[in-house]
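In what follows, every chain begins at residue 1, and chains take the letters A, B, ... in the order their sequences are listed. Side chains included, hydrogens not; waters and symmetry mates left out as well; all remaining heavy atoms used.
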There are 2 protein chains.
Amino acid sequence: MSNSQHPDKLKNRRRGKELEAAILQAVREELTEQGYSNLTMDGVAERAGTSKAVLYRRWANRAEIVLAAIRERVPLPLEEVPDYGNLRDDVCGVLRSMNQNNIEVMIKAFYGLVTEIGAMPLASLLFPQGRHNRTMTIVLQRAVDRGEVSAEAVTPRMLTLPADLARHELMLYNKPMSEQTIANLVDEVFLPLVLKR
Amino acid sequence: MSNSQHPDKLKNRRRGKELEAAILQAVREELTEQGYSNLTMDGVAERAGTSKAVLYRRWANRAEIVLAAIRERVPLPLEEVPDYGNLRDDVCGVLRSMNQNNIEVMIKAFYGLVTEIGAMPLASLLFPQGRHNRTMTIVLQRAVDRGEVSAEAVTPRMLTLPADLARHELMLYNKPMSEQTIANLVDEVFLPLVLKR
DNA sequence: GCAAATAAGAAACCAAAAGTTTCTTATTTT
DNA sequence: AAAATAAGAAACTTTTGGTTTCTTATTTGC
């Protein structure tokens with residue numbers, strides 16, 4: 001027997017942040033492949049090449065680890081809200097941004113977490129209304145400056161309406177919105193309400 | 001020893017529909033008190049005063065029994081859509097009808113079921129878009145007849161918009177909508193889009 | 001009214017998965 | 001180089017979904 005056995009079984013132990021990142025990545029992969037209710041701690045441990053004890057040293061339970069895995073992927077606020085030169089394209093841009101970042105995984109996790117935790121701080125984490133609000137404030141202010149929209153038309157409801165409708169689509173159909181849906185929401189609902197005429 | 005023992009332990013066996021109704025009621029109560037993820041089959045059996053075997057003779061698994069318990073409570077289509085004499089009040093009526101029938105329980109179940117089943121036929125069961133569509137068709141036709149709305153304004157999007165926004169509110173906040181919210185959705189979003197002017 | 005068929009209820013059972021504990025050993029810290 | 005720290009393996013407990021078996025109350029059909 002050679003003394004360099006287990007060529008696949010590295011005894012290179014990861015620790016700290018490196019290990020943690022690998023675990024959370026494994027959670028996201030299991031979530032994608034298995035869905036929330038079939039995601040098991042054993043499965044995560046095996047996929048991450050570690051053991052359950054390591055998971056439970058860091059997170060108290062399944063919900064916590066999934067939450068951590070998802071939280072990492074919540075997009076950071078856009079420093080610059082891109083200016084496409086008109087309100088329509090700006091708002092479409094905002095809605096398109098809600099489509100990305102593995103939205104399916106986010107929603108799968110969301111349903112599971114709400115079921116288990118029941119709380120709604122979650123909603124504001126996974127569907128960050130505050131952020132969309134800020135973005136929409138900028139977008140609508142620009143439209144006012146351009147003369148597309150009168151200042152009185154900018155009400156709280158108009159700030160949230162496009163993202164609310166988009167969120168509804170995402171939650172109900174559990175998949176990214178089509179370009180057609182985005183266009184319909186903007187052209188048939190939002191713009192007629194705010195555009196000057 | 002008297003031969004009329006067990007004064008509390010009736011040997012009055014319920015069967016068929018009567019038993020089934022008691023079980024589904026127990027499911028709803030457990031759902032309310034425990035939430036979906038803490039609802040156990042043993043708990044349901046005990047509360048209903050029966051045994052697990054009886055449950056599994058009727059339903060294949062936990063999701064099925066919860067689904068059955070909820071399905072019972074989905075309101076039947078309104079034979080008569082009440083006519084309040086104007087579009088505003090008619091639409092408010094439709095949204096108010098979405099508030100009732102233990103909406104919190106419905107939503108708790110909904111999140112759990114989507115997590116476990118993952119499917120979206122659910123959505124159409126628990127948030128019956130078809131029904132709302134039918135109701136809204138009637139309501140809007142009336143408005144056209146009254147001259148409040150022009151026929152071209154009645155698009156598919158306008159048929160679903162009020163219920164979509166209401167559903168979004170319900171799913172996100174997990175509680176009945178306030179009168180103020182209903183009024184805001186109708187007055188600030190829906191009516192301006194469809195009313196003649 | 002009685003025998004046979006049916007379904008309820010009790011209880012033991014299995015398997016999967018969450019969560020815990022203990023122990024060994026690789027890696028880092030001092 | 002020794003001591004402290006944390007990873008990894010594995011066995012273990014508990015809970016719960018789901019199944020099976022058996023007894024017996026109730027219904028059905030004659």
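For dT25(C), the base has a donor-acceptor partner in the side chain of Arg13(A) [N/O atoms by modelled type, under 3.5 angstrom]. Checked by distance alone, Arg57(A) brings no side-chain donor or acceptor within 3.5 Å of a matching partner on the base of dA6(D).
The separation between Glu46(A) atom CD and dG8(D) atom C1' is 14 Å, rounded to whole Å. Per the geometry, CD belonging to Glu20(A) stands 13 Å off C1' belonging to dA6(D), to the nearest Å. Distance CZ (Arg15(B)) to P (dT24(D)): 15 Å, rounded to an integer number of Å. In this structure, Lys17(B) places its NZ atom 12 Å from P of dA8(C), rounding to the nearest Å. One can place CD of Glu18(B) at 14 Å from C1' of dA7(C), the figure rounded to the nearest angstrom. One atom, CZ of Arg58(B), and another, P of dT6(C), lie 16 Å apart when rounded to the nearest Å. In this structure, Asn12(B) atom CG and dT24(D) atom P are separated by 18 Å, rounded to whole Å.
A distance of 9.0 Å separates CG of Asn86(B) from CG of Leu191(B), quoted to the nearest 0.5 Å. Once rounded to the nearest 0.5 Å, the distance linking CD of Glu20(A) with CD1 of Ile65(A) reads 9.0 Å.
For the OP1/OP2 pair of dG9(C) and a distance below 4.0 Å, the side-chain nitrogens and oxygens of Thr50(B) include at least one atom meeting the criterion.
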Return all side-chain donor-acceptor pairs below 3.5 angstrom for residues 180-188 of chain A, not counting sequence neighbours, or 'none' if the list is empty.
unit_1: Thr181(A); atom_1: OG1; unit_2: Ser178(A); atom_2: OG; d: 3.0
unit_1: Asn184(A); atom_1: OD1; unit_2: Arg157(B); atom_2: NE; d: 2.6
unit_1: Asn184(A); atom_1: OD1; unit_2: Arg157(B); atom_2: NH2; d: 3.0
unit_1: Asn184(A); atom_1: ND2; unit_2: Glu188(A); atom_2: OE1; d: 2.8
unit_1: Asp187(A); atom_1: OD1; unit_2: Arg88(A); atom_2: NE; d: 2.7
unit_1: Asp187(A); atom_1: OD2; unit_2: Arg88(A); atom_2: NE; d: 3.4
unit_1: Asp187(A); atom_1: OD2; unit_2: Arg88(A); atom_2: NH2; d: 2.9
unit_1: Glu188(A); atom_1: OE2; unit_2: Thr155(B); atom_2: OG1; d: 2.4

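Relative orientation of the Tyr111(B) and Tyr111(A) rings is tilted, given thresholds of 30° and 60° on the angle between their planes.
In the model, Thr115(A) has a side-chain atom that pairs as donor or acceptor with a side-chain atom of Thr115(B) under 3.5 Å.
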Query raised in the report: Where along nucleotides 13-18 of chain D does protein come under 4.0 Å, by heavy atom, of base (B) or sugar-phosphate alone (S), with - for untouched nucleotides?
Result: ---SBB
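At least one donor-acceptor pair closer than 3.5 Å links the side chain of Asp90(B) to the backbone N or O of Tyr84(B).
Of the listed nucleotides (dT5(D), dG8(D), dT20(D)), dT20(D) has the atom at the smallest distance from the side chain of Ala53(B).
Screening residues 57-66 of chain A for side chain to side chain donor-acceptor pair (under 3.5 Å) gives Arg62(A)-Glu116(A) as the qualifying pairs, with residues at least two apart or on separate chains.
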